[in-house]
There are 2 protein chains.
Amino acid sequence: MAQSDTVDRILDAAEELFAERGFAETSLRMITSKANVNLAAVNYHFGSKKALIHAVFARFLTPFSSTLEAAFDELEQKCQGKPPTLNQTLWVLTESAIRMPQRNEKGISIFMRLLGLAYTQSQGHLRKFLEQEYGQPFSRFMRLLKEATPELSNVDRYWRIQFMLGATAFTMSSSDALIDILDNKLGVQATVQEIAARLVPFLAEGMKAPDKLQVPPTLSGATVA
Amino acid sequence: MAQSDTVDRILDAAEELFAERGFAETSLRMITSKANVNLAAVNYHFGSKKALIHAVFARFLTPFSSTLEAAFDELEQKCQGKPPTLNQTLWVLTESAIRMPQRNEKGISIFMRLLGLAYTQSQGHLRKFLEQEYGQPFSRFMRLLKEATPELSNVDRYWRIQFMLGATAFTMSSSDALIDILDNKLGVQATVQEIAARLVPFLAEGMKAPDKLQVPPTLSGATVA
DNA sequence: TTAGCTCTCAAACGTATGTTTCAAACAGAC
DNA sequence: GTCTGTTTGAAACATACGTTTGAGAGCTAA
């Protein structure tokens, strides 16, 4: 035993519970009892609940960040000065996420769900922490997106990036539930990888959509097919 | 005073605080002190915090539900048996949301944010409540989507609807923050209505995207593990 | 063995939460 | 005015939370 296997057990339990229930709704007592660890161990090893949340994110975001930077490097090198296309950029991100080494079979969906929670439940301190620690690869992704869509105005691009983030975070954060529902309804089995393969073309087409509507084409207005 | 204007003050305060901070993070004491009402009033008038959450949703979802049903009626009647197009269907939904009578200038974004929270923070009891009370217009919207996209397989359509929901819920639930960020970054003012006008074409194009990718178009084709 | 350090444990701390209590204030009907 | 049912008010309730404490176990090195 000795040397904190306790730390990992806490991180494992916290990760899973946070992904299931969110941060505020998960108590340290739930975490420590799931981890079979004493309550005080969290504050001893991490200092506070906030610091534990940060540690949970750091454990999977730090390797992901490296993987992603390397993948971007490879992509830009391959493209020899020409900016990568939108599809390429989206795929490099998606692939880096999917190919991350997982601790278990639920790893990828926990990963996605936590990312989604980081956006929606943002605890203030979490947002600050993530910006500070992982702002760089994020900015780089944004730069690539900008170069891949020179035809868009800054405002158009801004909103469409939000739409992409939303579709991705939302779908991936509920991927487990959505896969189950699909199985029940249509008897079709799906994987997270397949969701990603469907998501990328959806996003890419949305990004390339014609301008925003000027006149609501509701009832009397002429509509496009 | 008399006859519960207390009830409305509680609902107003709760609505705003829930939208700002989420459900678990908003205490009854915050609500009652913002509403200038005694703490016990919540349990007296609503019975419990859960019931208060339901009441907040019911207050704006019930009229919205009626408006939406009427708008769908009008749309289908106008189309004389032919199924409405995707753009029409999306716009009717969007318009019904935008045109809802608002209690104040923040009404529309509170409305959107609460809808977003209902998806992401789903408290179990909330999801059950919403399905039971407002499942019908939702099913109808789904039917219209299906008829508007007969070229899609059921599986394709299923996933793309999730993508649409995600982009919408995510963006709208953070609309205030996103509008602020845009103003800071690019000095551009935006409204919720404008976001909607940008969202609809994005979604419609995404829905019509070509099939899911068979081979990741990354670098050299097949990529390493 | 002893000393020192890391880690675990049960218990308690202070604070905040949702809920309940019960007396007082109030309204409208008689 | 008096009575009756409804609504408010201040206070307390029980429970849950994150955090802290201090004693002690377990290990390593002298």
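Proteins get letters first, then strands, A, B, ... in listed order; numbering begins at 1 in each.
When rounded to the nearest whole Å, the span between CD1 of A:I10 and C1' of C:dT8 equals 11 Å. Atom CG in A:N38 sits roughly 15 Å away from atom P in D:dA25 (whole-Å rounding). Separating the CG atom of B:L52 from the P atom of C:dG18 is a distance of 10 Å, rounded to the nearest angstrom. Straight-line distance from the CG atom of A:L39 to the P atom of D:dT21: 14 Å, rounded to whole Å. Atom CG in B:L28 sits roughly 6 Å away from atom C1' in C:dG18 (whole-Å rounding). Rounded to whole angstrom, the span from the CE atom of A:M30 across to the P atom of D:dG18 amounts to 8 Å. Note: CZ (B:R29) to P (C:dT17) measures 6 Å, nearest angstrom. Look at CD1 on B:I31: it is 15 Å from C1' on C:dA16, rounded to the nearest Å.
The phosphate of C:dT6 has neither OP1 nor OP2 within less than 4.0 Å of any side-chain N or O from A:H45. Distances shown here put every side-chain N or O of B:S27 at or beyond 4.0 Å from the OP1 or OP2 atom of C:dA16. Proximity of B:T6 to the phosphate of D:dT8: a side-chain N or O atom is located under 4.0 Å from OP1 or OP2.
For B:K49, whose side chain is taken as the heavy atoms from C-beta onward, the closest listed nucleotide among D:dT20, C:dT19, D:dA10 is C:dT19. Considering only side-chain atoms of A:Y44, the nucleotide from C:dG18, D:dG18, C:dT6 that sits closest is C:dT6. Distance from the side chain of A:N43 is smallest for D:dT19 among the nucleotides D:dT19, C:dT8, D:dA10.
Comparing A:A40 and A:E25 by the nucleotide of DNA chain D that holds the closest heavy atom to each, the one mapping nearer the 5' end is A:E25.
In this structure, the separation between CG on A:L126 and CD on A:E131 is 11.0 Å, given to the nearest 0.5 Å. A distance of 5.0 Å separates NE2 in B:H45 from OG1 in B:T6, rounded to the nearest 0.5 Å.
No contact: B:A41 has no heavy atom under 4.0 Å from any strand. Contact annotation for A:T32: no contact, since no heavy-atom pair falls under 4.0 Å across all strands.
Classified by interplanar angle (parallel below 30°, tilted 30° to 60°, perpendicular above 60°), the ring pair B:F23/B:F57 is tilted.
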For a quick test of your reading: what N or O donor-acceptor pairs under 3.5 Å do the side chains of residues 60-68 of chain A make, sequence neighbours left out?
residue: A:T62; atom: OG1; partner: A:A58; partner atom: O; Å: 3.0
residue: A:T62; atom: OG1; partner: A:Y134; partner atom: OH; Å: 2.7
residue: A:S66; atom: OG; partner: A:T62; partner atom: O; Å: 3.2
residue: A:T67; atom: OG1; partner: A:P63; partner atom: O; Å: 3.0

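Considering every non-hydrogen atom in both B:T32 and B:N38, the closest pair reads CG2-O, 3.6 Å.
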